[in-house]
> 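Here it is, the structure in full.
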Amino acid sequence: MQLQLTSDQEFFRDTTARFLDAHASVEAVRSLRHDDLGFDPALWRRGAELGWTSLLVGEDHGGGSVSGSGLVDLSLVAHEFGRRAAPGPLVATNVVAGALSAASAHLDLLARLLDGSAVATWCHAEPRAGLGDVALEIRPDGDALVLDGVKRPVEAATAATHLLVTGRTGDGLTQVVVPADAPGVTITPLRSVDLTRRFGAVRFDGVRVPATSVLGQVGKADEDVERQLQHALVLLNAESVGAMERAFEMTVEWSFDRYSFGRPLASYQALKHRFAHMKSWLEAGHALGDEAAEAVAAGGPQAATLASAAKAFIGEYGSELLQDCVQLHGGIGVTYEHDLHLYLRRHTVDRALFGTPSEHRRRIVDLIEREEAA
């Protein structure tokens, strides 16, 4: 990240980096390839002790931030996660924790998320649906609510004890907290190119939950869902830029160490031009991601537009940068034994989650048209 950090933020970031270096090495990441959860729950609890799960939670609920801007602080953690393709349900758990804190609801669950003893995830995306399209139905039935529909992909679905589900009630959105083992809930594991993150398809067949499961009000959760989406985008952007940065550093080091015809690869002008393009994409990714993080944290009027602009740019040009890194490494760059693919995998999944670059470009147009019509 290129933000001007306070001394407390620098210390927080360095603490996170040192912990991940010690416990999320490349060897540790590779060892989780066939692990059912994709992360070590004991290490996740230790990360929670470092503050990874509390930054979007108000102080009155046991949370708090380093700088007064919890989302910006959390983006520092996400950046370090991206630099190491580190394991752990960072985005999923924090989005849910922030939502519970904002609604002052399900405080017992929130306390367990804060100490890392539980994992919760957000069921938002749906199969064959565009960004923001919600078809899952949540309908009132006496003193209960009934859920019918499918959510996919859902990060950490098999590890989660609770699911924050976004559904449609009439013309508005409703959010409810559902135990993962509730009758009628079926979780099917999905495969992912990321070595450590696990996803699932979650089906709700007539799932009944009490009215106390609702976050906010029935049919009036649209603004809450938008805020959660912006939080997720900021964190994914920070993580993606972290992966881009580490892959770029590896490639620059390689170009100076690798000789061709008696000269280092870095000395060839054609490759210098490619590195210049890659560096400009990386710096622009930093700038856009940072500006979006600050805007969303402040709740500014351009927060949604900036978050989508950053997601579209980082998704598009991050892929270009990482593919160039692979190509510049030559044959070794496409081997499993080389570490480069870890960052390509992480960015590839981040690019697709919560909207592709093309979906976010369309979203920017919709936001601008809506603003002009207002």
Side-chain angles (χ1 to χ4, degrees), residues 32 34-45 47-48 53 57 87-101 103 105-127 134-169 173-192 196-216 218 221 224-225 228 232 353:
L32 292 167
H34 300 295
D35 185 87
D36 290 339
L37 296 180
F39 68 97
D40 182 346
L43 288 179
W44 179 248
R45 287 193 293 271
T53 58
V57 176
L90 184 72
V91 176
T93 294
N94 276 286
V95 168
V96 176
L100 297 182
S101 178
H106 302 275
L107 298 184
D108 290 343
L109 172 59
L110 179 57
R112 294 173 59 203
L113 297 181
L114 289 177
D115 66 19
S117 61
V119 171
T121 189
W122 185 23
C123 297
H124 177 260
E126 299 188 2
V134 176
L136 182 141
E137 181 185 15
I138 300 178
R139 65 181 185 277
D141 184 12
D143 59 353
L145 295 166
V146 181
L147 288 73
D148 283 290
V150 179
K151 293 293 184 176
R152 170 180 178 172
V154 178
E155 184 180 356
T158 57
T161 60
H162 290 77
L163 311 169
L164 174 58
V165 186
T166 300
R168 188 162 296 283
T169 305
L173 298 179
T174 300
Q175 295 203 110
V176 296
V177 175
V178 180
D181 59 357
V185 175
T186 303
I187 300 176
T188 304
L190 302 174
R191 298 186 66 180
S192 166
T196 62
R197 281 189 294 186
R198 303 292 179 260
F199 296 86
V202 185
R203 177 177 292 277
F204 301 86
D205 293 309
V207 177
R208 295 180 65 86
V209 294
T212 54
S213 299
V214 176
L215 257 63
V218 174
D224 297 333
V225 172
Q228 291 163 209
L353 292 176

> Can you name the residues that form a side-chain hydrogen bond (donor to acceptor under 3.5 Å, both in side chains) with D205, not counting sequence neighbours?
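Residues passing side-chain hydrogen bond (donor to acceptor under 3.5 Å, both in side chains) with D205: none at all.
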> T166 vs W122, test: side chain to side chain contact (heavy atoms under 4.5 Å, CB included). Steps then yes/no.
CA-CA 8 Å; T166 300; W122 185 23; 2.8 Å; yes
> Could you tell me which non-hydrogen atom of V134 sits nearest to which non-hydrogen atom of R168, and how far apart they are?
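Minimum heavy-atom contact is O-NE, 3.1 Å.
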> The criterion is salt bridge (Lys or Arg N to Asp or Glu O under 4.0 Å); which residues satisfy it with R208, sequence neighbours excluded?
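Counting only residues at least two positions away or on another chain, R208 forms a salt bridge (Lys or Arg N to Asp or Glu O under 4.0 Å) with D141.
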> Taking all atoms of both residues into account, what is the closest heavy-atom pair of A118 and L113, and its distance?
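In this case the closest contact between A118 and L113 is O-CD2, 3.5 Å.
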> If you round to the nearest 0.5 Å, how far is CG of L109 from OG1 of T161?
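That separation rounds to 6.0 Å.
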> Any non-hydrogen side-chain atom of H106 less than 4.5 Å from a side-chain atom of H162?
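The answer is no; the side chains never approach within 4.5 Å.
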> Which of these passes side chain to side chain contact (heavy atoms under 4.5 Å, CB included) with V218: L173, I138, T169?
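The residue from L173, I138, T169 that satisfies side chain to side chain contact (heavy atoms under 4.5 Å, CB included) with V218 turns out to be T169.
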> For V150 and L136, which heavy atoms make the closest approach, and how far apart are they?
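Minimum heavy-atom contact is N-CD1, 4.0 Å.
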> Shortest non-hydrogen contact from A105 to L215?
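Heavy-atom minimum between the residues: CB-CD1, 4.3 Å.
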> Taking salt bridge (Lys or Arg N to Asp or Glu O under 4.0 Å) as the definition, give me every residue that meets it alongside D148, ordered by chain and number, with sequence neighbours left out.
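With neighbours one apart ignored, the set is R139.
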> Mind checking what makes side-chain hydrogen bond (donor to acceptor under 3.5 Å, both in side chains) contact with R197, not counting sequence neighbours?
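With sequence neighbours excluded, R197 shows a side-chain hydrogen bond (donor to acceptor under 3.5 Å, both in side chains) to D194, E239, D350, given in chain and number order.
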> Please, which pairs that meet salt bridge (charged side-chain N to carboxylate O under 4.0 Å, His left out) have at least one residue in residues 150-159, sequence neighbours excluded?
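Counting only pairs at least two positions apart or across chains, the salt bridge (charged side-chain N to carboxylate O under 4.0 Å, His left out) contacts touching residues 150-159 are E126-K151.
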> Show your reasoning for whether side chain to side chain contact (heavy atoms under 4.5 Å, CB included) applies to F199 and L353.
CA-CA 11 Å; F199 296 86; L353 292 176; 3.7 Å; yes
> Could you go through the side chain to side chain contact (heavy atoms under 4.5 Å, CB included) check for R198 and L37 one step at a time?
CA-CA 7 Å; R198 303 292 179 260; L37 296 180; 5.7 Å; no
> Enumerate, atom names and distances included, each donor-acceptor pair closer than 3.5 Å involving a side-chain atom of residues 91-100, sequence neighbours excluded.
residue	atom	partner	partner atom	Å
T93	OG1	P89	O	3.2
N94	ND2	W52	O	3.0
N94	ND2	L90	O	2.8

> Drop me the distance from C123's SG to Q175's CD, to the nearest 0.5 angstrom.
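One finds 10.5 Å between SG of C123 and CD of Q175.
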> I'd like to know whether H124 forms a side chain to side chain contact (heavy atoms under 4.5 Å, CB included) with Q228, so could you lay out the CA-CA distance, the side-chain angles of the two residues, the decisive distance to 0.1 Å, and finally the verdict.
CA-CA 10 Å; H124 177 260; Q228 291 163 209; over 6 Å; no
> Is there side-chain contact between V209 and L147, with heavy atoms separated by less than 4.5 Å?
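Side chain of V209 against side chain of L147, heavy atoms only: contact under 4.5 Å found.
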> Identify the two heavy atoms, one from V185 and one from P179, that lie closest to each other, and give their separation to 0.1 Å.
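The pair with the smallest heavy-atom distance is CG2-O, 4.3 Å.
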> Between A160 and T121, what is the shortest heavy-atom contact and its length?
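Heavy atoms of A160 and T121 come nearest at CB-CG2, 3.9 Å.
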